[in-house]
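Atoms considered below: every heavy atom in the structure, side chains included; atoms not considered: hydrogens, waters and symmetry mates. Residue numbers begin at 1 in each chain, while the letters A, B, ... track the order of the sequences.
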2 protein chains.
Amino acid sequence: MDERTQPNDSAAETCYCPTSGVIDLLSRTYAIQTLCAVGTLQPVRYGELETAFGDVSSSTLSSRLGDLTEAGLLERNQYDEIPPRVEYRLSEDRTDLCELLTPVLDWAQQRETTD
Amino acid sequence: MDERTQPNDSAAETCYCPTSGVIDLLSRTYAIQTLCAVGTLQPVRYGELETAFGDVSSSTLSSRLGDLTEAGLLERNQYDEIPPRVEYRLSEDRTDLCELLTPVLDWAQQRETTD
DNA sequence: TATCAACACTGTCAAGTCCGAAGTATAGCA
DNA sequence: TGCTATACTTCGGACTTGACAGTGTTGATA
C-alpha cells in the first residue's frame, strides 16, 4: 500500500475481503438476476420467473429461490389453492441490495449491445 | 404488468433479462471480489491477490483472472524477469463496473457484521 | 368415466465447475 | 547441489448445474 493508485480508503477496506456468505450466494447462477427480477416484478410467481428468464432449468431456479429465501433476502408466500400459488417478493429491508445490483445489470446489458 | 408494484420503468426493461455474458462471468467464484480487489490494489500481482483472499485455490484464481482478462475487463502485463512478474489492472474503460460493484461488497460486508 | 391442464416444484443422471495439493520453469544465492 | 521466489498448470475428487421426467390436487373437457 505505498505508491499504488487507490480510489478511496473505504474501498480499500472492503474490496479484497474473503468470500462472504452473501457474495457466495450472489455468485451462483441466476442469483443476481433472480433478485433483481423479483424486485422488479414483485409479487412474482415461480412460473413467471421461469418464462422471464427463458433458459433457466427448473431445478436451478428452484434452488436459487430456496437459497435466497433461506438467506432472508426473499419472502415466500404460499396460498392453499388448486392449482397451487406461491408468490415471492423482496424482504422488507433488502430492497436496497436490489437497488445496488440493478445498475450492474444495466451496465452488463449496455455493454452487451455496444461491444 | 398491471397492478404490480414497479420501482421504475428502466429497471423493468433490464432486470429480468436472461443471463448475459458479463453476468455469467460475475457469477463465478471470486469474480466480483477479484474485480474489486484489482480495482483497489492495482497494479496488483497474482501472489498479492492470492494472499489477500486467503482461501482461493490457485487454479480458481488463475482461471478467474484469465476469464476477466479475456473478457476485456482486466489488463495483464507480463515482464520478462526471473522470478516472473505479472501485473493486473482494470482496463481503461472498465473502472465504472468496479465502482458499481464496490457498494455491493460493502453492503454484503455490513450485513455480515450486523446480522 | 377417462384424460388433460395448471402450477410449483422434486428426482435423477450426465456434464461442467471448483477445490486442494503437487508439479513446472527459470536464475540467483548459499 | 539444493533452496527460494513467482505465476501459473495439472490432476482427481467433490460440488453445482442442466435437461428431462415425474408428483399431487382439482376442475374442465372429451
message = Would R85(A) and Y79(A) count as a cation-pi pair here, with the cationic atom under 6.0 angstrom from the ring centre and within 45° of the axis?
response = yes

key: side-chain N/O R28(A) vs dC15(D) OP1/OP2, d < 4.0 Å   = no

request  = Just do the side chain to side chain contact (heavy atoms under 4.5 Å, CB included) check on S27(B) and R28(A) with the steps written out, would you?
outcome  = CA-CA 5 Å; S27(B) 294; R28(A) 296 188 180 169; over 6 Å; no

ask   = Y46(B) has a side chain; which of dT9(D), dC9(C), dT17(D) sits nearest to it?
value = dT9(D)

key: Distance, rounded to the nearest Å, where D80(A) contributes CG and dC7(C) contributes P   = 17 Å

ask   = Could you give the CZ-to-P distance, from R76(B) to dC8(D), as a whole number of Å?
value = 5 Å

query = CG of L61(A) versus P of dC9(C): gap in Å, rounded?
reply = 9 Å

Check nucleotides 20-25 of chain D for protein N or O atoms closer than 3.5 Å to its own N or O atoms and list the pairs.
residue	atom	partner	partner atom	Å
dC20(D)	N4	S58(A)	OG	3.4

inquiry  = Quick check on dA6(C): is either OP1 or OP2 less than 4.0 Å from any side-chain nitrogen or oxygen of R45(A)?
reply    = no

key: Presence of Y30(B) side-chain N/O under 4.0 Å of dT17(C) phosphate oxygens OP1/OP2   = no

inquiry  = Rounding to an integer number of Å, can you tell me how far E81(B) CD sits from dT26(C) P?
reply    = 16 Å

ask   = Quick one: is S62(A) getting a side-chain N or O under 4.0 Å of the dT10(C) phosphate, OP1 or OP2?
value = yes

